[in-house]
Amino acid sequence: MNAPLRTSPLHSAMSKLTSQWKSINQMQVATGIGTANEEHEKLKSIALTDLSHRKRCGLKGANAEAWLKSIDIEPPAGINQWAPLGACSLIARLASSEFLLEDNVGQNYADRVRTQLGRGAPGVTPVLRQDAEIALAGPRVNELLLQTCSVNFTALDLASRPIVMTSIIGVSVLLIPGAWRGAPLYQIWCDGTYAPYLWDQLRKIAEELGGGAVGLDALFAENTQ
Amino acid sequence: MSKRLPAVAGEWIDRNQPIEFTFEGQHYSGFAGDTISSALHAAGVHAMGRSFKHHRLRGILSMANHDINSMMQVGERLNLRADVTPIERGMNAIAINTRGGLRADRLAIMDKLSAFLPVGFYYKAFHTPKSFFPKWERTIRNASGLGEIKFDTPRIKTPKRYDFCDVLVIGAGPSGLAAAIAAADAGADVVVVDENARPGGSLTFQRGADAHVDNARWELISAVRSRRNIRLILATEAAGYYGDHWVPLVDKEKISKMRARSVIAATGAFEQPAVFRNNDLPGIMLASAAQRLIYRYGVKPFERVVVLAANTEGYRAVLDFHTQGVKVAALVDLRAQAESSEFAEKVRQAGVKLLQGYCIYEALVNRAKDHVEAVVVCPISASGNAQPGAALTIFCDGVAMSVGFTPALNLLYQAGMKARYDQRIEQFVPGELVAGVFAAGRANGIYSLQSKIRDGERAGLEAARYLGLGTPIGPVVVPAETSSPTHPYPIIDHPKGKNFVDFDEDIQVKDFVNAAQEGFDNIELMKRYTTVGMGPSQGKHSNMNAIRILAKITGKSIQEVGTTTARPFFHPAPLSHLAGRSFNPERVTPMHDRHVTLNAKLMQAGVWLRPEYYHVSGKSKDQAVSDEVRAIRQSLGLIDVGTLGKLEVYGVDAAEFLERIYTGRFANLKAGMTRYAVMCDESGVMIDDGVVARLADQQFYFTTTTTGSATVYRELTRLNTMWRLNVGIVNVTGHFAAVNLAGPHSRSALQGLADFDVSEAGFPYLGVREGHVSGIPARLMRVGFVGELGYEIHVPAEYGAALWDVLMDAGRPFGIRPFGVEAQRLLRLEKGHVIVGQDTDGLTTPFEAASSFAVKMDKPFFIGQRSLKIIQAKPLRQSLVAFVLDNSYSGATPKECHLVIDRGDMVGRVTSVAFSEALGQVIGLAYVTPELANIGAKIQIRIDGGAMVEATIVKPPFYDAEGARQKSAAIATTKAAA
Amino acid sequence: MPYRLLRFALSSKHPEPRMFRSHDSLKSSYDVVIIGAGGHGLAAAYYFARDHGITNIAVLEKGYIGGGNTGRNTTIIRSNYLTPEGVAFYDQSVKLWQDLSAEFDLNLFYSTRGHFTLAHTDSAMRTTRWRAEVNKHLGVDSEVVYADDVQKACPQMDITCAGNAPILGALYHAPGAIARHDAVAWGYGRGADQRGVEIHQKTEVLGIDVEAGEIKGVTTNRGYISTRKVLCAVAGSTPRITQMLYIRTPLYIHPLQAMVTEPMKPWLDPIFVSGSLHVYVSQSARGELVMGASLDPYEVQNTRSTFDFVEGLASHMLDMFPFLSNAKINRQWAGLADMTPDFAPIMGKTPVKGFYLDSGWGTWGFKATPVSGKTMSYTVAKDENHELIRGFTLSRFKDFKLTGEKGAASVGH
Amino acid sequence: MKLLRCPINGPRPVSEFFYWGEMRAMPDPNVADDAQWADYVFNRNGAPGIKKEWWHHMPSGVWFVVERDTERDDVKRTYLYGQESA
């Protein structure tokens with residue numbers, strides 16, 4: 001039996017916009033929206049795209065940290081911090097004893113950990129992560145966040161690799177600030193069942209500010225090579 | 001005739017940009033930068049509105065956003081304050097609150113009638129005879145109100161946003177600007193906000209023919225502009241102060257919710273009117289209003305003015321008028337002592353007639369009754385009594401009042417500050433301030449220019465220090481004022497009254513005297529009885545005089561009388577800005593767009609959107625629903641149950657944990673099996689239910705109600721924070737998609753898809769299995785909620801859509817129907833299953849809700865058990881029974897919550913009811929008193945219109961009593977065939 | 001122009017006497033001490049004097065007359081409750097309300113406007129029918145109406161509520177009314193004062209003197225008073241008083257906020273309440289829209305304002321009435337609601353002999369003012385709980401006999 | 001808007017939190033008599049004072065203890081359950 005297709009929580013939202021698709025990790029991913037020029041214009045303000053196709057897994061519990069080390073995965077030391085994993089994957093420590101691993105294309109930490117953990121180990125509980133993931137990038141992203149979230153992101157010290165758990169327009173999110181070609185970049189994870197609402201609202205405001213939705217290639221071309 | 005002055009240095013208008021607009025149907029022209037009031041005054045229009053109650057003609061009072069008597073309606077925009085609203089090209093302004101126009105206002109009669117309408121008159125009439133009141137009330141209601149709501153106004157959404165800074169300085173006057181510079185130079189990220197279009201505060205209009213003023217303004221503003229860590233935000237109001245330095249900033253387009261780490265109130269002071277007969281006539285205004293007209297708008301306020309003064313500012317105003325070519329007919333100084341400042345000499349040199357120790361006894365109205373024409377002045381005794389014996393009349397076309405100020409402490413009051421009255425300067429000054437909040441300038445009782453700047457610097461440094469910035473500073477001494485800027489009692493009695501204290505509400509001196517006589521002699525009661533300060537200006541020009549009057553009446557000190565609390569907002573704020581964009585979170589399952597494609601009629605369930613039923617063209621809702629029901633009973637149906645709460649609990653104590661939170665027993669539940677579970681709160685009330693599946697010895701997967709998921713998970717994590725059981729609890733509600741594949745053919749449909757044995761033996765009723773469905777990792781549970789052979793299939797959310805498609809395909813040969821909540825409600829009712837929240841309410845116990853079977857009182861402990869023991873020992877309050885109507889019954893079907901009546905008494909209510917096609921009769925659940933709850937007993941239900949319907953209590957379930965259909969496919973299919 | 005207003009024009013001196021005397025000192029003893037000069041306390045004082053001939057009464061008020069929730073509520077009066085106890089009690093109250101103006105010779109602006117409790121979900125519709133059926137059964141005028149009826153009552157309203165929460169129907173309660181809240185306290189105060197009751201403002205209770213489980217006296221900031229009967233009618237401050245007596249109650253205190261627009265020409269006749277949107281609104285005789293929402297989310301014993309409240313209420317107001325976008329909010333304020341687990345009041349006798357509670361009014365005390373006064377004066381005078389309040393006793397909690405108002409839980413206005 | 005310091009996530013607007021109420025120690029159900037139990041279930045300490053309360057940071061699911069002056073709405077300190085001394 002051939003492997004079934006995964007569907008992004010944002011699939012129908014994206015399919016209203018996009019013309020170019022590509023299958024990544026058994027998921028249809030929008031690689032381009034509208035013309036390259038249109039996308040280029042959006043990048044000058046705010047660009048959003050769907051990163052839900054990335055593979056991830058979660059675990060938590062008193063022994064989670066020790067267990068990860070036992071399989072040669074070094075989690076970040078501080079609470080609410082993230083650390084790079086291998087070439088381009090990441091591991092985030094949510095609060096104190098919960099962890100989220102996410103693979104970029106071509107990595108397989110998440111699958112490996114999920115398989116090894118199985119039904120869990122003493123003091124270690126597997127956590128199914130079916131999040132939606134949205135990437136926000138561009139010079140005006142902070143204005144978009146000021147209109148939707150009460151956290152002062154410009155005050156964060158990116159060198160300390162912080163993660164922020166907060167609420168955006170009423171939806172609980174996990175957020176990692178970063179940079180993209182000199183402009184701010186935010187990766188936002190949320191419960192997939194809230195994602196269509198969150199995505200639509202963010203997209204509308206982004207459009208008001210001169211930006212909008214773009215395909216994966218516009219922001220992360222390397223992912224689809 | 002234009003009253004426009006030759007260009008004035010620093011004026012706010014652009015004389016190269018004329019703007020046409022209309023007021024009350026007349027065309028006028030002003031300049032960009034003009035407000036409605038300044039443009040009208042320039043055009044010689046002084047009467048701009050009618051007052052709220054007496055409908056007296058009123059004009060400019062403050063030019064400072066307090067001119068409640070010149071509010072305009074401009075299209076759909078209501079209650080626009082003409083003194084601060086900029087004119088716009090083609091703007092059509094109409095004075096509010098008139099009947100038949102400003103000039104011809106038919107309600108002007110109210111002024112004549114005012115003698116009949118003393119303070120609180122409406123409490124004293126119209127109520128007898130009772131039958132007349134509604135008519136009077138209509139009259140009163142129709143006369144009340146200010147502007148008009150236009151119902152075609154669209155919903156206006158605004159980009160409300162958050163903002164952040166270290167130090168928020170409120171007020172861009174000299175002290176505010178100085179504070180900002182000091183804080184910024186100490187390293188703080190500073191925001192200065194001011195409601196005016198330009199910075200400078202009083203420096204922009206209280207020039208007093210004093211060169212220092214211009215220089216100081218120029219220096220401060222350029223210093224602020226040159227600093228990169230100061231943001232100057234203009235034309236923006238600080239609407240209120242909320243906990244932890246949270247200040248909403250309101251501008252034309254939006255609100256910015258400023259989170260400051262420290263706040264400096266350099267909010268200045270409101271100039272206060274003098275109170276004398278006819279002090280409300282057009283042409284009589286605060287000196288600062290006249291100065292604003294001159295220096296901001298290049299408008300000559302008067303031709304011939306009488307200045308009423310009790311402070312240095314009054315003398316400086318005289319000089320302003322003099323230099324602008326306004327004839328100062330007289331300077332009337334309320335004080336006994338002569339003015340000591342250097343300005344006194346300058347006034348003398350200007351040849352202005354000074355009447356020391358005089359007051360204005362009354363103002364006289366012109367023949368047209370629309371403007372002041374003269375004032376009657378007379379000596380005033382040391383004790384403050386006017387001596388009209390020696391009165392003289394001075395003709396003039398205007399009066400400028402400069403008798404004192406009251407500080408704008410509103411935001412500081414909201415920040416929990418208690419003010420104290422300072423006799424030296426006759427005003428309240430800030431008492432102890434909350435940490436991180438500072439006051440500066442006039443708000444702090446500091447008036448002379450150099451002192452204000454010094455005080456600003458002090459506040460700026462202290463704010464920086466509070467944030468750990470800058471270098472420590474010793475106590476900064478700011479020289480005290482040499483003379484009081486404010487008169488202790490600028491209020492003159494007059495036998496004929498009309499000496500107004502509150503212009504919003506038309507309250508005169510005698511109203512306070514009378515209110516006090518009636519026993520309303522403390523400030524709060526007086527405020528409520530006279531309504532002083534309750535109008536749109538919130539008492540900014542009236543509260544202080546009211547307090548002075550009350551103090552005099554009661555012989556108390558002003559400190560003893562005290563102030564009323566100042567609540568948000570500083571200026572009224574529009575709903576569109578407060579609401580912002582209005583976000584309403586909404587949740588959909590991973591199969592949502594499949595439902596949309598299938599024409600699902602969606603309904604809200606908490607934050608979720610779910611299919612109520614699937615619309616079929618040409619069919620009614622009822623037909624569609626019964627088709628869905630029939631499909632499940634006879635063949636196959638599929639429902640999205642992804643909104644159910646889905647939780648996992650792992651660990652050695654997992655079973656123990658479930659034993660504690662649910663009323664049932666789970667330690668003995670075998671791996672691979674499921675069990676119905678009921679949850680109670682501590683008082684024994686049934687709050688949730690679901691199914692618990694044991695996947696492995698130390699792994700359980702369980703469901704909660706759709707509305708319960710978030711709250712149940714939250715409470716479970718709290719409980720284990722205390723219990724410290726060795727478990728991991730995971731909320732996977734949004735991470736699993738779930739459907740119920742139900743109907744006699746469900747097994748046949750599943751057979752080809754599952755990679756494990758789904759035979760009756762391999763996967764019995766109430767079993768749970770993990771495997772793959774068409775390659776999708778899945779958890780399946782044999783459940784009987786709808787009373788047919790059925791499988792609840794849970795898969796990772798990302799496979800939800802794929803699962804739906806696979807099952808719809810596999811079901812096609814069996815005529816599979818997607819079904820919604822409506823059909824499921826009926827199906828479960830036929831099985832007599834309870835829905836928590838519909839068949840229970842906020843006080844129902846499991847004993848009452850026919851759920852005792854799920855409660856194991858002999859367990860060591862579960863939440864609610866102790867309370868249920870107490871309740872169990874008492875007689876049952878009510879009990880849920882199943883009933884049917886005679887199948888010959890053809891009348892209207894009873895509805896949910898119709899009452900059960902026994903010998904005229906309420907003895908219960910229907911909680912669920914529907915016509916069951918399968919049984920050919922109306923079935924339902926109802927609460928009745930225990931004595932009536934006997935199988936076979938008759939109960940009476942009162943339906944719409946009051947008719948009684950007899951029902952018979954039966955033993956549930958109504959359908960397939962032995963549950964054979966859900967337990968064994970064999971029976972099911974044969975029955976269906978039969 | 002009614003004749004009675006003439007006298008104001010004709011008389012040179014203001015012809016109105018003092019509404020309430022001021023007293024320099026407290027007497028050493030009173031037959032009854034009432035704590036709290038709000039509507040409830042003063043109403044009780046009034047009926048003590050009028051119906052029970054007890055006039056040697058001191059009403060002690062920490063602040064000023066009617067300064068608590070009496071002066072802070074949104075003045076809605078209705079009787080469309082869910083339980084027989086609730087309905088009977090409030091129905092009696094509404095009947096009393098209707099004649100108060102005449103009785104006091106003081107116009108309370110009691111204005112019958114009709115009251116809609118909007119239902120946006122099918123479960124809300126079920127509760128709506130439940131309340132309607134119970135009301136009708138007990139002779140109270142309530143009925144279930146549907147979306148188009150609501151639209152008729154307010155043609156301007158967006159009954160889809162911006163598509164967020166379409167209105168399915170409502171509970172329509174024709175007798176629903178509003179009144180001038182302050183005047184109610186003044187009317188009862190004047191009536192009591194005229195009959196000899198002493199009202200002492202700025203008088204704070206510091207302690208209550210109990211001997212062998214019986215009330216002996218009260219210590220105030222103005223001296224000690226001996227008395228054998230104390231009625232506590234202080235709403236949000238009740239726990240401060242019961243604490244002095246070591247009486248435990250289920251009361252918990254959350255602020256309840258409200259706000260008001262600038263006056264506008266009248267357009268809104270009925271009273272609308274939406275549980276789902278947490279909105280209740282009516283238009284006052286001054287032309288202001290008076291609005292409230294649900295309780296603050298956590299316990300606070302002061303009346304500070306929050307911005308969250310205004311933001312949420314503004315948003316939901318515009319969902320229902322989009323054309324109010326340009327209307328401006330003039331003022332917001334708060335009161336303290338004394339909540340109970342079953343949303344019914346706590347009234348009557350207590351474990352301490354001679355100490356009586358009039359509390360647990362949560363968000364609905366104003367409408368009960370007359371009947372609470374009447375039943376509490378009876379209860380104290382006779383030392384026996386009035387039949388109308390027997391469902392509301394403090395003892396119902398230890399007996400696990402709660403009163404089921406909670407079944408209709410929505411915005412409690 | 002009021003700020004509250006979550007021991008894990010730091011200061012956040014109070015709207016990110018869920019308030020459970022004052023912490024109450026459950027008496028041993030097997031020892032407590034009916035009156036004591038009813039007192040525990042229903043009665044509250046409604047008088048103002050400095051109280052220990054359960055609060056929950058919704059975006060992260062963190063439960064913690066808040067010591068708060070309920071009259072001044074002034075938070076004295078916050079900490080994770082069991083780490084009072086810390």
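Keep in mind the model is a prediction, meaning the values are calculated, not measured. Per chain, numbering begins at 1; letters A, B, ... match sequence-line order.
With respect to C:Arg113 and B:Glu137, a salt bridge is recorded, a charged nitrogen being found less than 4.0 Å from a carboxylate O. In this structure, C:Arg126 does not pair ionically with B:Asp841, as no charged nitrogen and carboxylate oxygen lie closer than 4.0 Å.
Ring geometry for C:Phe109 against B:Tyr122 counts as perpendicular: the plane angle is over 60°, on a 0 to 90° scale with 30° as the lower cut.
The closest side-chain donor-acceptor pair between C:Ser325 and B:Ser576, if any, does not fall under 3.5 angstrom. When only modelled atom types and interatomic distance are considered, C:His137 and B:Asp905 share no side-chain donor-acceptor pair under 3.5 Å.
No more than 12 heavy atoms of other residues, nucleotides or ligands sit less than 6.0 Å from atom CZ of B:Phe132.
Taking the side chain as every heavy atom from C-beta outward, C:His14 and B:Lys510 never approach each other to under 4.5 Å. For the pair C:Lys328 and B:Phe569, the minimum side-chain heavy-atom distance is 4.5 Å or more. Between C:Asn330 and B:Pro572 there is a side-chain heavy-atom pair separated by less than 4.5 Å. You'll find the side chain of B:Arg909 stays beyond 4.5 Å of the side chain of C:Glu133, heavy atoms only. A 4.5 Å side-chain heavy-atom check between C:Asp182 and B:Lys527 finds every atom pair outside the cut-off. Counting only heavy atoms from C-beta outward, the side chains of B:Gln538 and C:Arg331 approach each other to under 4.5 Å. Counting only heavy atoms from C-beta outward, the side chains of B:Leu525 and C:Gln201 approach each other to under 4.5 Å. Inter-residue side-chain proximity for B:Leu578 and C:Phe307 is flagged as met; some heavy-atom pair is nearer than 4.5 Å.
Contact of B:Glu612 with chain C is not made at all, since no heavy-atom distance falls under 4.5 Å. Contact of C:Ser123 with chain B is not made at all, since no heavy-atom distance falls under 4.5 Å. There is no contact between C:Ser22 and chain B, counting heavy-atom distances below 4.5 Å. For C:Lys136, no part lies under 4.5 angstrom from a heavy atom of chain B. With a threshold of 4.5 angstrom between heavy atoms, C:Met125 does not approach chain B through any atom at all. Interface residue B:Tyr529: backbone and side-chain heavy atoms are both found under 4.5 Å from chain C. Residue contact with chain B, scored on non-hydrogen atoms closer than 4.5 Å, involves the side chain of C:Lys202 exclusively. Heavy-atom distances place the side chain of C:Gln156, and not its backbone, under 4.5 Å from chain B. When heavy atoms are compared at a cutoff of 4.5 Å, C:Ser284 approaches chain B solely by way of its backbone atoms N, CA, C and O.
One finds the CE atom of C:Met19 at 11.5 Å from the CD atom of B:Gln517 (value rounded to the nearest 0.5 Å). Distance check, rounded to the nearest 0.5 Å: CD of B:Glu524 to CD1 of C:Ile65 gives 13.0 Å. Rounding to the nearest 0.5 angstrom, the gap separating the CD1 atom in B:Ile870 from the CG atom in C:Asp399 is 10.0 Å. Here the CG-CZ distance, from C:Asn107 to B:Phe133, works out to 4.5 Å after rounding to the nearest 0.5 Å. The line from CG of C:Leu324 to NZ of B:Lys150 is 13.5 Å long, rounded to the nearest 0.5 Å. To the nearest 0.5 Å, atoms CG (C:Asn164) and CD (B:Glu586) are separated by 8.5 Å.
Across all non-hydrogen atoms, the minimal contact from C:Arg180 to B:Tyr123 is NE-OH, 2.7 Å.
For the options C:Leu402, C:Thr261, C:Asp122, heavy-atom pairs under 4.5 Å to chain B are most numerous at C:Asp122.
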